[in-house]
Participant: 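This is the structure I have questions about; it appears just below.
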Amino acid sequence: IAGQLSHPSIVTIYDVGDDGDLTYMAMEYLQGKDLDKFISKETLLPLPKVLDVVSRVAEALAFAHEASVIHRDIKPANIMLLDGGGVKVTDFGIAKAISSSRTRTGVILGTPNYMSPEQIMGQKIDHRSDIFSLGVLFYQLLTGELPFQGANLSNLLYQITQVRHPSVREIKPKIPKACEQIIDKALTKSPANRFQSAAEMAKLLRLLHSKIEELRRQSAGRPHRAGA
């Protein structure tokens with residue numbers, strides 16, 4: 001499935017095959033670090049970089065969704081921040097074509113912390129499940145915390161399906177209100193109330209990124225008063 005996706009922010013799959021008892025996948029070599037390195041409070045990326053990374057992931061997902069592919073396991077370890085500044089979404093290993101996306105009741109695919117409510121409940125999922133997972137990732141990249149946490153798996157799954165996430169601005173008051181609004185919409189329990197496409201989410205992230213960069217340039221170019 002991933003081999004069908006040719007996009008600057010999706011890892012390129014060159015070949016898949018069998019050699020005796022070994023099944024192999026050949027993909028492009030990536031130099032960089034996965035986002036696991038940037039989700040603790042001590043190593044968070046600057047806000048403009050977070051917006052750039054998340055918007056690139058959203059654009060990659062929008063492309064995959066257009067090709068009827070759901071990733072199903074968006075999490076920090078599956079996104080590489082390249083040394084050259086680019087972003088690559090990796091590991092479409094559990095991705096499913098939308099046309100055959102029925103998940104059997106009781107079968108959970110993905111990483112619990114980043115799963116959507118409908119994924120947890122074994123319901124039929126669509127591209128909006130990836131949008132929820134991206135909202136979790138965005139939240140974590142901004143705050144260094146997960147929006148849903150539990151003492152055990154049962155409690156965690158309850159939090160994701162039934163409990164509203166804490167506001168990002170309660171954790172870090174300097175986070176722009178617009179970021180909070182984007183996260184709140186992405187993390188809505190009902191898919192019908194989320195962003196209806198990853199492209200819609202990407203567009204808002206890009207707009208916010210450009211506004212922040214514009215303000216930063218204006219601030220840098222503003223002359224300082226004597227004695228200030």
Side-chain angles (χ1 to χ4, degrees), residues 1-2 4-5 9-10 35 39 54-79 89-143 145-168 179-205:
I1 293 171
Q4 302 169 15
L5 305 177
S9 293
I10 297 177
L35 291 186
I39 56 173
V54 178
S55 63
R56 286 174 188 252
V57 176
E59 288 161 356
L61 288 175
F63 181 85
H65 296 161
E66 281 292 317
S68 297
V69 175
I70 311 170
H71 188 284
R72 293 180 179 236
D73 198 22
I74 290 297
K75 61 183 180 181
N78 284 341
I79 297 162
V89 180
T90 69
D91 195 2
F92 278 80
I94 63 169
K96 286 273 192 174
I98 290 174
S99 60
S100 61
S101 64
R102 294 183 185 85
T103 299
R104 296 194 309 279
T105 302
V107 176
I108 291 180
L109 296 175
T111 304
N113 291 106
Y114 302 89
M115 289 196 303
S116 65
E118 62 271 24
Q119 202 170 2
I120 287 169
M121 293 186 287
Q123 299 171 352
K124 183 176 179 180
I125 69 168
D126 61 22
H127 62 281
R128 293 171 294 185
S129 182
D130 281 345
I131 291 172
F132 185 94
S133 300
L134 183 57
V136 176
L137 174 67
F138 188 20
Y139 189 108
Q140 195 175 19
L141 287 172
L142 286 175
T143 65
E145 296 184 14
L146 284 162
F148 307 105
Q149 302 179 52
N152 52 53
L153 181 60
S154 295
N155 186 248
L156 171 63
L157 301 187
Y158 175 80
Q159 295 283 325
I160 294 171
T161 57
Q162 304 296 328
V163 179
R164 180 177 170 81
H165 58 279
S167 164
V168 289
C179 287
E180 180 182 53
Q181 292 170 330
I182 291 171
I183 286 172
D184 288 350
K185 191 169 180 67
L187 292 183
T188 302
K189 305 298 186 188
S190 170
N193 295 326
R194 281 178 218 147
F195 291 104
Q196 294 304 290
S197 73
E200 181 187 355
M201 185 174 175
K203 183 178 179 181
L204 285 176
L205 289 163

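Computation of the quantities below employed the complete heavy-atom set of this structure, encompassing side-chain atoms and omitting hydrogens, waters and symmetry-equivalent molecules. Only a predicted model underlies this, so the values are computations on that prediction, with no experimental measurement involved.
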Participant: If you take all heavy atoms of Ala199 and Ala62, which pair is closest and at what distance?
Facilitator: N-CB, 3.6 Å
Participant: Any side-chain hydrogen bond (donor to acceptor under 3.5 Å, both in side chains) pairs touching residues 182-191, not counting sequence neighbours?
Facilitator: Arg164-Asp184, His165-Asp184
Participant: Under the rule for side-chain hydrogen bond (donor to acceptor under 3.5 Å, both in side chains), what residues qualify as partners of Tyr114, not counting sequence neighbours?
Facilitator: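 Result, side-chain hydrogen bond (donor to acceptor under 3.5 Å, both in side chains) vs Tyr114: Gln140.
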Participant: With rounding to the nearest 0.5 Å, note down the distance linking OG in Ser68 to CG in Asp126.
Facilitator: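 Interatomic distance, Ser68 OG to Asp126 CG, rounded to 0.5 Å: 11.5 Å.
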Participant: Starting at CZ of Arg128, measure out to CD1 of Ile70 and round the result to the nearest 0.5 Å.
Facilitator: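 Reported value, rounded in 0.5 Å steps: 10.0 Å.
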Participant: CG of Leu141 to SG of Cys179: how many Å apart, nearest 0.5 Å?
Facilitator: 11.0 Å
Participant: Give me the atom names and distance for the closest heavy-atom approach of Ile160 to Pro117.
Facilitator: O-CG, 3.6 Å
Participant: Taking only residues two or more places apart in sequence or in another chain, which ones pass side-chain contact (heavy atoms from CB on, under 4.5 Å) with Ala186?
Facilitator: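 For Ala186, the residues satisfying side-chain contact (heavy atoms from CB on, under 4.5 Å) (neighbours in sequence not counted) are Ile131, Phe195, Met201.
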Participant: Does any part of the side chain of Pro191, heavy atoms only, come nearer than 4.5 Å to the side chain of Glu118, both counted from C-beta?
Facilitator: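 Yes, their side chains come closer than 4.5 Å.
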Participant: Is any side-chain heavy atom of Asp130 closer than 4.5 Å to one of His65?
Facilitator: yes
Participant: Could you pull out the closest heavy-atom pair between Leu205 and Ala58, with the gap in Å?
Facilitator: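 Closest heavy-atom pair between Leu205 and Ala58: CD1-CB, 4.5 Å.
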Participant: Looking only at non-hydrogen atoms, find the nearest pair between Leu5 and Ala67 and report the distance.
Facilitator: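 In this case the closest contact between Leu5 and Ala67 is CD2-CB, 3.7 Å.
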Participant: Applying side-chain hydrogen bond (donor to acceptor under 3.5 Å, both in side chains), can you list everything that pairs with Ser129, at least two apart in sequence or on another chain?
Facilitator: Ser116, Gln119
Participant: Verify, without hydrogens or angle tests, whether Glu145 (side chain) and Val168 (backbone) share a donor-acceptor contact under 3.5 angstrom.
Facilitator: no
Participant: Measure the spacing between NZ of Lys75 and CG of Leu134 and express it to the nearest 0.5 Å.
Facilitator: 15.0 Å
Participant: Enumerate, atom names and distances included, each donor-acceptor pair closer than 3.5 Å involving a side-chain atom of residues 149-158, sequence neighbours excluded.
Facilitator:
unit_1	atom_1	unit_2	atom_2	d
Gln149	NE2	Leu146	O	3.1
Asn152	OD1	Ser154	N	3.2
Asn152	OD1	Asn155	N	2.8

Participant: Indicate yes or no: at least one non-hydrogen side-chain atom of Ile182 is less than 4.5 angstrom from one of Phe138.
Facilitator: yes
Participant: Atom CG of Leu137 and atom CG of Asn113: how far apart are they, to the nearest 0.5 Å?
Facilitator: 12.0 Å
Participant: Can you name the side-chain hydrogen bond (donor to acceptor under 3.5 Å, both in side chains) partners of Ser167, sequence neighbours left out?
Facilitator: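 Only Glu180 meet the side-chain hydrogen bond (donor to acceptor under 3.5 Å, both in side chains) criterion with Ser167.
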Participant: Contact between Arg72 and Ile125 at the side-chain level, heavy atoms closer than 4.5 Å - yes or no?
Facilitator: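 Yes; the side chains approach each other to less than 4.5 Å.
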Participant: So does Glu66 get a backbone contact from the side chain of His127, meaning a donor-acceptor N/O pair under 3.5 Å?
Facilitator: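 Absent.
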Participant: Given side chains that start at C-beta, do those of Ile74 and Ile79 come closer than 4.5 Å, heavy atoms only?
Facilitator: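 When only atoms from C-beta onward are counted, Ile79 and Ile74 do touch, with a gap below 4.5 Å.
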Participant: Taking side chain as C-beta onward, heavy atoms only, is Asn78 less than 4.5 Å from Val89?
Facilitator: no
Participant: May I ask you to test the Ser9-Phe63 pair for a side-chain heavy-atom distance under 4.5 Å?
Facilitator: no
